[in-house]
2 protein chains.
Amino acid sequence: MADALAGGDLLTVFGRCAVDYEGRASSTLGPGDRHVTAKPDGTVLVHTDEGQQPVNWQPPGCSQRVERDADDDALRLVSTRANPDEELVVAFESVRQVSAFAVDDGESLSLTGSEADLRQRILESPGLVEPGFQPLVTERRTAAGAVDIFGEDADGNVVVVELKRKRVGPDAVGQLSRYVDALERDLHADATVRGILVAPSVTERARRMLAERGLEFSAVEPPGED
Amino acid sequence: MADALAGGDLLTVFGRCAVDYEGRASSTLGPGDRHVTAKPDGTVLVHTDEGQQPVNWQPPGCSQRVERDADDDALRLVSTRANPDEELVVAFESVRQVSAFAVDDGESLSLTGSEADLRQRILESPGLVEPGFQPLVTERRTAAGAVDIFGEDADGNVVVVELKRKRVGPDAVGQLSRYVDALERDLHADATVRGILVAPSVTERARRMLAERGLEFSAVEPPGED
DNA sequence: GGTTTGATGTCGATT
DNA sequence: AATCGACGTCAAACC
């Protein structure tokens, strides 16, 4: 088992265990049946029978080792990392299955429908934002961070576009607002800066917040399957 | 295997497979060795040998079924859900291991060091924010959302406190800023509203943004292990 | 290594 | 069912 850990295999253990974590936060989990995965990149995942997220975990890059208790011969998986200093201990009281798999996987995921795809769509058809909109730069830096699309409208006004791939809430309004404020500062007071939130839809509270700040919304869907 | 899916077991399959997903976004993944988990609550996880996150997944509540191809006898795991309409298909070309586990887990995770723990600490020792601070309400509603702690300072000014358990960036400043703006509206212009961001530390950009908006920062650590 | 932001984020609470 | 904000968020891009 220690060989598998050292040899680049993906290791899985199913059994009854208790889990302790100490690091950015602290947690304890009493005994129960769980599925534990230790990946060759240092990742550790502890899964119960419910939920998409692991109940405990350790990120890639961690050091992992298997210990066997001198007294009761019980199995323990210990994973540690520095910066931040964190430790995860999975203490098994019984083990039902241990497996080691050699993994051959050369393929990587191809995904469409992301914000990057929406940006591409806007750059190809700027009129989707509004007639006459002209993109000038993407990722333009401001004192408040990088603007998704920086451009100008049909009248030559500066336009800041913030993109979201799905329905937006107050957080996106805050983001757009920060960028508009920062640009008005950067460009002094000589230019009108319009802020347009581009997303499939907007929540009611976000719509009110946009109105209060003089910001706008334009409905555009991210590209679907092609 | 279909029995295990129906019977409340946790099912795992390791083998060479291709994965297709279509829903909020779309993805394809060519053939490779992966570890697939199907939980009795409807969760599906597809893990490669790298990374903490699954390369593909389906959330709890999905309907899952196992199909065997009439022609080549190949195994397929199909998971679907409505609202949003999503489908995940894992098509195996070879299987190295199939396991089904009955899971007995009555314990739940106990975690300390969360934002809720930080709030508790502040309510017990309000002076940590600043001398004379008096909490009045938690989760006070405003037009922009609920404020973490609403209170007043030694001079009777209204104080809005936004809590974060770790170092904060621009997003937290935007959040606090929205709450202060909303409260100044709600309470008309007759009161001074102070906004204080309470967290272990702040990034440089966030510090500048606080200063620009007349907001404040107070360094408080979340409670560690007890 | 720190900072900033996107994500098929997920998850829980509340309306 | 929709909304909102926390999360040991994770992960990537940029500096």
Side-chain angles (χ1 to χ4, degrees), chain A residues 21-27 43 45 50-61 81 83-88 109 111-119 139 141-142 144-148 162-172 174-175 178-179 201-206 222, chain B residues 21-27 43-46 50-62 81-88 109 111-119 139 141 144-148 162-175 178-179 201-206 222:
Chain A
Y21 156 76
E22 176 98 34
R24 286 165 292 173
S26 310
S27 76
T43 300
L45 303 170
E50 291 183 341
Q52 179 174 154
Q53 295 308 124
V55 64
N56 276 114
W57 69 91
Q58 205 69 309
R81 70 159 163 167
N83 201 330
D85 192 12
E86 297 196 294
E87 184 183 51
L88 179 73
L109 188 76
L111 185 137
T112 62
S114 64
E115 182 181 306
D117 295 314
L118 174 58
R119 179 173 64 234
E139 300 295 318
R141 311 292 189 70
T142 73
V147 167
D148 282 342
E162 173 63 26
L163 302 171
K164 293 295 169 191
R165 63 174 301 282
K166 63 173 196 180
R167 185 171 173 84
V168 290
D171 54 339
Q175 219 178 326
R178 275 151 45 204
Y179 298 150
S201 60
V202 62
T203 68
E204 191 46 41
R205 180 178 282 164
Chain B
Y21 155 76
E22 176 98 35
R24 287 165 292 173
S26 310
S27 75
T43 300
V44 177
L45 302 169
V46 182
E50 292 184 341
Q52 179 174 157
Q53 296 306 126
V55 64
N56 277 114
W57 69 91
Q58 204 71 308
C62 293
R81 70 158 163 167
N83 201 338
D85 192 14
E86 296 196 295
E87 185 183 51
L88 180 73
L109 189 74
L111 184 138
T112 63
S114 65
E115 182 181 307
D117 295 314
L118 174 58
R119 179 172 65 234
E139 299 296 317
R141 312 292 189 69
V147 166
D148 281 341
E162 173 64 27
L163 302 171
K164 294 296 170 190
R165 63 174 299 282
K166 63 174 192 177
R167 185 173 175 84
V168 291
D171 55 338
V173 180
Q175 217 178 326
R178 274 150 46 201
Y179 297 151
S201 59
V202 210
T203 67
E204 191 46 41
R205 174 127 73 198

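What you see is a predicted model, and the numbers here were worked out from it, not measured in a lab. Computed from heavy atoms alone, side chains included, the values below leave out hydrogens, waters and symmetry copies. Convention: sequence-line order gives letters A, B, ...; per-chain numbering from 1.
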> With rounding to the nearest 0.5 angstrom, report the CD to CD distance, A/Glu22 to A/Glu87.
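A/Glu22 CD to A/Glu87 CD: 8.5 Å, rounded to 0.5 Å.
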> Once you round it to whole Å, what is the distance between C1' of D/dA12 and CD of B/Glu50?
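The answer, rounded to whole Å, is 15 Å.
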> Please work out if B/Arg119 contacts a base, only the sugar-phosphate, or nothing of the nucleic acid, heavy-atom cut-off 4.0 Å.
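Result for B/Arg119 = nothing.
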> Any salt bridge linking A/Arg178 with A/Glu162? Criterion: basic side-chain nitrogen under 4.0 Å from a carboxylate oxygen.
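Result for this pair is no, no salt bridge flagged.
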> If the P atom of D/dA11 is compared with that of C/dC11, how far apart are they to the nearest Å?
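One P to the other, the span is 15 Å.
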> In whole Å, I'd like the distance from the CD atom of A/Glu139 to the C1' atom of D/dA13.
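Rounding to the nearest Å, CD of A/Glu139 and C1' of D/dA13 are 9 Å apart.
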> Quantified in whole Å, what is the P atom distance between nucleotide D/dC4 and nucleotide D/dG8?
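Straight-line distance between the two P atoms is 23 Å.
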> Walk along nucleotides 2-9 of chain C from 5' to 3' and tag each nucleotide B, S or - by protein heavy-atom contact under 4.0 Å, base first, then sugar-phosphate.
-SSSSSBS
> Enumerate donor-acceptor pairs with a distance under 3.5 Å from any side-chain N or O in residues 53-61 of chain A to protein atoms, sequence neighbours excluded.
unit_1  : atom_1 : unit_2  : atom_2 : d
A/Asn56 : ND2    : A/Ser27 : OG     : 3.2
A/Trp57 : NE1    : B/Gln52 : OE1    : 3.1
A/Gln58 : NE2    : A/Ser79 : O      : 3.1

> Working to the nearest 0.5 angstrom, can you tell me the gap between A/Gln175 CD and A/Lys164 NZ?
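One finds 4.0 Å between CD of A/Gln175 and NZ of A/Lys164.
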> Expressed in angstrom and rounded to an integer, what is the separation of B/Arg141 atom CZ from D/dT3 atom P?
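One finds 16 Å between P of D/dT3 and CZ of B/Arg141, rounded.
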> Take atom C1' in C/dT10 and the same atom in C/dG6, then report the distance between them in whole Å.
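So the two C1' atoms sit 14 Å from each other.
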> First locate atom CG of B/Asp117, then atom CG of B/Leu163, and finally report the distance between them rounded to the nearest 0.5 Å.
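Reported to 0.5 Å precision, the distance equals 11.5 Å.
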> For A/Ser114 and A/Arg165, which heavy atoms make the closest approach, and how far apart are they?
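The pair with the smallest heavy-atom distance is CA-NE, 4.0 Å.
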> Looking at every strand, decide which applies to B/Pro60 at a 4.0 Å heavy-atom threshold: base, sugar-phosphate, or nothing.
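Result for B/Pro60 = sugar-phosphate.
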